[in-house]
Structure formats: C-alpha cells, structure tokens
Amino acid sequence: MPESLQACKMSISDRILSQRREKLAELRRLGVDPFANRFQPSHSIARIREQYDSLSGPELEGLQKTFQLAGRLMLLREFGKATFCHIQDGSGARIQAYAQKQVVGEEAFALFKKVDLGDIVGFEGTLFRTRTQELTLAVNKFTLLTKSLKPLPEKYHGLTDVETRYRQRYLDLMVNPQVREVFEKRSAVIRLVRQFLEGRGFLEVETPMMQPIPGGATARPFITHHQALDMTLYLRIAPELYLKRLVVGGLERVFEINRHSRNEGLSIQHNPEFTMLEFYQAYATYEDLMSFTEEIIAHVARTLLGTSKLQYQGQEIDLTPPWRRLDLRESLTAIGGIPREVVRDREALVALAREEGVTLRPGEGYGRALTKLFDLLVEGELQQPTFVLGYPLETSPLSRKSDTDPEVVDRFELFIAGREMANAFSELNDPDDQRQRFEQQLAAHQAGDEEMPHALDEDFVLALEHGMPPTAGEGIGIDRLVMLLTDSPSIRDVILFPQLRPER
RNA sequence: GGGCCGUUAACUCAGUCGGUAGAGUAUCUGCCUUUUAAGCAGAGAGUCGUUGGUUCGAAUCCAACACGGCCCA
C-alpha cells in the first residue's frame, strides 16, 4: 500500500507523531543529533527584555554584541527565504527571532525549515527592531536542541480543558503564562514567610511525615506500613505534637512548612495533601499571635502585590491591620441570626444543630454544635479578615483553658474570604490535663470515630511531664493563602499536581 | 454518598426539529525576505467518553457506567 494511502487511515495524532518521527530519523541521517547535549545561553529571555527593551533600533545595532538564546518554539511564521519565530524560555518570557536563508546559509536554513512548533532550539545572533519596532534576534547560527514529537495546544486559546491542564500540567505551564505566575507567586509566598520567621528568630525544622500515632488534628489519616519494622505508620495529619516536643527541648521558636495529608473528601478548597506553616513560640500567648498573624500576612501581601488591599473573586479584601475580632457565640447571633438565649441554652442549641442537618457523633454535644453551626451560618459571611475567639473546650483538645471562662480555650481561628486561613492557640502544657483529654479522644475512637487517634500518645505526655514553657502555636494554610493572593478560586489552581482519579 | 452540568479532529469550539460530521488553529503540499492570531491556494484528519436501549435512522432521545467541573453532605 502506498504511504500516502496509509496516511489516510491514520488518526490525526498518529499522523503528526509519525511525521515527526520521520523528521527525527531524517535528522539523524543528516548527522544532526535531535537531542543535543549542550548549549549555553548567554542570557535568559527575560533578561534580554529587561536590558534591551528600552533601546531603539539604531542603538541595538550599535551594540556589536552577539547573544546565545535557547527556548521552546511557540510560534512560526515562514516565508520562502526567511522565517519569524517566537521562542519562550524558563524565565517565562518570549522573544521573536528572524532567520534569513541569506544569513544562516543554505544548509542551516534547510535544517531550520524542518523544525516544528514545540521543538527546543538554540540561536546565536544580534538584536534589532523590525519595521513594527518589535525587539527581535537576527539569527546567525541555529542549533536544534530537542525534538518534540507531540503537537502544542492551540496558539491563541491555549489549553482550557481543566482535566488536561491538571493531568499534563507541563502543557498548561507551556501555554498559559498566568499559570506560571501563580506558581512563581506561590514560591515567593513561601520564601517571604520563611524570611519573616527567620527574622524573628524562628528555627526551621523537619519532623516526621510518617507517625505511629497520628495526632495534632482531628482527621482520618492515610495508613501505610513499614516492612522492616513490621509496623503501621500514618501519614501525618499535623506536625503539632512533634513541634511541641522541640519546644520542650528548648527550641523555643520553631517552624515547619510542609505537607499534611488527610484522608477526606476533595473540594474546591481541599486536596488530600496540602501545605501548612506551623510555628510555635515559647512565652507567647494566642493574643500575641493575633498581631503576629496580622503582620506576617499583611507583610507577604504588601511585598508580593505592593498593596494590602486585594481583589479576590471580584471582591475587595483589605488586609490592613488591625483585623476584626469576633466571639464565636456572639457571631452565631450577630451573623447567624440565632437568638442569644438559644445560643446559651445547651440543649436548645444541640436541637437546632440537628434541625440544620448536623450529625453529632458519640461524645459530641454543645461544643460541636456551636462550631458546626458556625461553619454553616457564619464562616461564609466572614469576607474581611476576622479572628474568631471563644472556641469551646470540647473541640480543642490541645489548647489551654481560658483563665476566666472554663468552657472556652485560649484559641482563635482566622477567616478571610469566607474560609479558614489559620488556627492558633495558647498550648496546653499541663501533662495531666492533656492525658485526660487524650483519654476522651481515645474513648471517642473506640466508639467509632475514625477521626480520633487510635492510641494515646504516651510519648508526648512524657515530654510534657518534663515541662513545656508557656507557648503559643499556629498553623496557616499556605494553599489557601496563595489562593487569596493569586485570586484563584480553586485549590487545584495553586497545587501543581492536584489529586485526580486515574484516567481510564 | 446525593444533585446539577460537561465530554464532538491534536487544541479551541459550532452542530437547529432525530436524517448519515463542521469551522478556526495546528498538520501536510505549493507560493512568499520585516511578519504580529502574517497572507494566498490546495489537501488530509473523527470509536461524536463507553456500553446498552428506543427508532427505518441517534452526536442529537432514554438508561447505566467512566472521567471532569460546580453545589450539597
């Protein structure tokens, strides 16, 4: 069968692949390595733009300077004896290049005619401006660096199919510049947070990702198994109990920025693994941490965006301190519309929670009803930054009891744009009280609550028995902070490889 | 787990009342030495997510399933 007829029967992707493989073979026949070993760019494209975008055509031509640039071919406009193309490099910037047969020579030009969109190429040349004043590299020498065997997504609309964007994030990054920007900002947020904490004398540490008893939060863990030790391990749901051991040991200001994993549902703001900053400061209280939180978040926003007033999903959010402080029970009345007498009446509130569809597990009562009703009625309304105070003891097993109200703990949660962004408290450092609260959690686990730890962390209690100074600690959700600062509606927009079901 | 929406060429999307599949980009061929989503002429390219069902006939109607999105739990 003639080759052309065979081609007719091929699907489009097969045909493009086979055409490109043919070119690959032909290049090899011509003695050209389609996966060249080494090319040293003299400049990134972003740097070229930074340095030379302001120069006029005559000024550029007066430079007498040769540049080596490398990048992926994103656009080709071919004429008979000349070609314009755009290349994009790791700096995210693009530049136009112009190759003329007359300049590069017949052989090199013939070779250049074989390149495809998506190939990675190296150019050597000088800078000039075209008639329309576009900064352009006049190519003297051309090197094919990497042959691409697959077509690029559409040049104008880019790639919009979210499933493909997540599954093949590299394509998303190639063609959607705003995606690269989000992840550059994510990196900057983490860098700024780290610098801020180091500036305040905090020590960065790493604690176990695999824990024999998953503690520090209420969540169902992922379970794994260590063969040599023949033991069950749990991917951590929080690093809290380890960081506090370090405070006992005298590391009085510690922080960790790392992944937590929780074996729960996925949503627009939940991924099974996500990134948190947790930090602990001895001789501080949760009140100190409120102003600390205002400072660090406002600092990151101002440095990153140049302002503390930002737009999130069409709404202005003002991060200028000080932020609103709101009592949990008060909020249920003021925002949730529940009469004060009902909020204060334990039985009436539990009954109301049930009416609202809240399921209370064994051992859960008034405290849980309060926080669940808050989640339902108040959380989404807290658009401007708000510290919520007065959390019930029942739902705060690691927090210090209030000195003035035994039913609540010294704790706050921070809400911005209707989402929990941070959770902080003065730490419980009474080992006997901690043991009792662990025992209650254990009882809840034994009653079937899989979000409670399966064993009592004796080792942590032992650490507390050695004495932990008065300490306050906090967790800040990095993904959610990045969502806020990049105006991203979904957590999947700020995680490079969000969890998806395998493709079939 | 439940509800709603989506899935058509490599990509971005049309596809009317059920009548046998369309455009742009990309690809291939030809022309073209300053283009700007370059242009002109031509060509090829489809398991309409999958599996069933209804029908003379299904991308289109129905059901189940898969994957994705949003909302709820």
Side-chain angles (χ1 to χ4, degrees), chain A residues 2-23 26 57 60-61 73-87 94-106 109 112-119 125 127-139 148-168 171-172 174-176 264-271 313 353-354 356-361 372 375-377 379-380 418 488-493 498-504:
Chain A
E3 215 170 284
S4 58
L5 282 182
Q6 259 175 4
C8 290
K9 297 197 164 191
M10 277 186 211
S11 77
I12 220 163
S13 55
D14 286 346
R15 203 159 49 99
I16 289 172
L17 184 66
S18 82
Q19 281 163 353
R20 294 211 175 179
R21 286 202 175 277
E22 251 169 62
K23 286 183 185 171
E26 194 183 344
L60 288 171
E61 275 151 55
L73 274 167
M74 302 304 290
L75 184 145
L76 274 169
R77 291 190 194 111
E78 291 182 285
F79 294 77
K81 298 186 180 71
T83 296
F84 287 96
C85 63
H86 288 187
I87 57 169
R94 291 186 184 193
I95 193 167
Q96 177 167 270
Y98 182 53
Q100 294 178 92
K101 186 174 181 177
Q102 192 189 326
V103 173
V104 298
E106 199 147 327
F109 193 73
F112 187 61
K113 281 281 192 184
K114 293 190 198 307
V115 297
D116 293 299
L117 284 182
D119 287 355
L127 289 173
F128 76 108
R129 285 196 185 273
T130 63
R131 272 179 204 158
T132 51
Q133 297 306 305
E134 178 155 354
L135 183 68
T136 302
L137 185 81
V139 176
S148 166
L149 299 174
K150 295 284 189 183
L152 282 179
E154 210 249 6
K155 69 176 173 185
Y156 187 61
H157 298 94
L159 182 67
T160 62
D161 180 76
V162 285
E163 193 172 345
T164 310
R165 288 183 44 223
Y166 298 152
R167 289 193 197 279
Q168 294 179 274
L171 291 177
D172 195 22
M174 272 180 219
V175 300
N176 294 326
E264 293 167 352
L266 287 75
S267 84
I268 201 162
Q269 50 177 327
H270 296 89
N271 193 63
Q313 301 297 294
R354 291 218 164 92
E356 293 284 337
V358 173
T359 47
L360 297 174
R361 289 169 293 199
K372 281 302 216 178
D375 292 349
L376 233 43
L377 303 173
E379 180 173 17
S488 299
S490 169
I491 196 169
R492 296 178 194 99
D493 298 327
Q499 200 57 243
L500 299 177
R501 284 195 175 85
E503 224 173 346
R504 293 274 166 93

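When reading the values below, keep in mind they use all heavy atoms of this one structure, side chains included, and skip hydrogens, waters and symmetry mates. Chain naming here is simple, since letters A, B, ... match the order of the sequence lines and numbering starts at 1 in each.
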Which part of the nucleic acid, if any, lies within reach of [X] when heavy atoms closer than 4.0 Å are counted: base, sugar-phosphate only, or nothing?
X        : value
A:Leu500 : sugar-phosphate
A:Lys155 : sugar-phosphate
A:Leu117 : sugar-phosphate
A:Arg131 : base
A:Glu134 : base
A:Arg492 : sugar-phosphate
A:Gly158 : sugar-phosphate
A:Lys23  : sugar-phosphate
A:Arg165 : nothing
A:Leu376 : sugar-phosphate
A:Tyr166 : sugar-phosphate
A:Phe109 : nothing

In this structure, how many angstroms lie between the [atom2] atom of [N] and the [atom1] atom of [X], rounded?
X        : N     : atom1 : atom2 : result
A:Asp161 : B:U12 : CG    : C1'   : 10 Å
A:Ile268 : B:A73 : CD1   : C1'   : 16 Å
A:Met74  : B:U35 : CE    : C1'   : 18 Å
A:Lys150 : B:C11 : NZ    : C1'   : 14 Å
A:Leu135 : B:U36 : CG    : P     : 18 Å

### Task
Please determine if A:Arg129 and A:Glu134 form a salt bridge, counting it only when a charged side-chain N lies under 4.0 Å from a carboxylate O.
no
### Query
Quick one: which of A:Arg15, A:Arg20, A:Arg21, A:Gln19 gives a side chain to side chain contact (heavy atoms under 4.5 Å, CB included) with A:Leu17?
A:Arg21
Can you identify which nucleotide, out of [options], has its nearest atom closest to the [X] side chain?
X        : options             : value
A:Pro151 : B:C67, B:U33, B:A10 : B:A10
A:Ile16  : B:C13, B:U34, B:U27 : B:U27
A:Gln96  : B:U36, B:A10, B:C11 : B:U36

### Query
Are any of A:Thr164's side-chain N or O atoms less than 4.0 Å away from OP1 or OP2 of B:U7?
no
### Task
Would you please confirm or rule out a distance under 4.0 Å between OP1 or OP2 of B:U34 and any side-chain N or O of A:Thr132?
no
### Message
For a quick check, tell me whether the side chain of A:Arg15 and the base of B:G44 share a donor-acceptor pair closer than 3.5 Å.
### Response
yes
### Query
Is a donor-acceptor pair below 3.5 Å formed from side chain A:Thr136 to base B:U34, judging by atom type as modelled?
no
### Message
Counting only heavy atoms not in A:Lys150 (residues, nucleotides, ligands), do more than 12 fall under 6.0 Å from its NZ?
### Response
no
### Message
If you count every heavy atom of other residues, nucleotides or ligands that lies below 6.0 Å from A:Glu106 atom CD, does the total exceed 12?
### Response
no
### Task
Could you say whether the aromatic ring of A:Phe79 and the base of B:C32 stack, counting only centre distances under 5.5 Å and plane angles under 30°?
no
### Query
Is there a donor-acceptor contact under 3.5 Å from the side chain of A:Glu356 to the main chain of A:Val358?
no
